[in-house]
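Contents: one structure, followed by commentary.
Just so you know, these numbers use all the heavy atoms, side chains as well, and skip hydrogens, waters and symmetry mates.
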Amino acid sequence: MQDAQPLQNGATDYGLGLSRLTDPSYGTAYGHIGSAPGYRTYSFTTARNSRQVTLSLNVLIDSQKLRTATDNALKTLLRPATTAQ
């Protein structure tokens with residue numbers, strides 16, 4: 001299920017029901033993006049199972065601004081917690 005391939009839109013990799021996100025701040029995460037009229041849900045876990053995130057949004061209009069904000073939220077929430085020095 002983790003053998004994901006790049007999609008034509010370049011946003012995520014996808015394979016057998018799982019999307020793969022990769023970022024230097026958290027490594028690799030696998031999950032699923034779903035939607036219904038007025039809603040969008042993102043649910044991901046890091047490859048090492050150290051962080052799990054489910055983000056549910058009320059969405060009336062899809063836009064690049066919304067996609068950018070969602071991407072930033074996922075990156076922040078999947079990033080491991082840091083301790084204060």
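Ile33 and Leu57 fall within the same hydrophobic cluster, where Ile, Leu, Val, Met, Phe, Trp and Tyr residues are linked whenever their side-chain heavy atoms come under 4.5 Å apart, directly or through other members. Leu55 and Tyr39 fall into different hydrophobic clusters, defined by Ile, Leu, Val, Met, Phe, Trp and Tyr side-chain heavy atoms under 4.5 Å apart, directly or through other members.
The shortest distance between side-chain heavy atoms of Tyr26 and Leu21 falls below 4.5 Å. Contact annotation: the side chain of Phe44 approaches that of Ser19 to within less than 4.5 Å [non-hydrogen atoms, C-beta and beyond]. Side-chain contact between Arg40 and Thr70 is absent, with no heavy-atom pair separated by less than 4.5 Å.
Heavy atoms from other residues, nucleotides or ligands lying under 6.0 Å from CZ of Arg67 number more than 12.
A donor-acceptor contact shorter than 3.5 Å links the side chain of Thr46 to the backbone of Arg51.
Separating the OG1 atom in Thr45 from the CG atom in Asn49 is a distance of 4.5 Å, to the nearest 0.5 Å.
Summarising the geometry of Ser25 relative to Lys75, their closest heavy-atom pair is OG-O, 4.2 Å, with the distance given to 0.1 Å.
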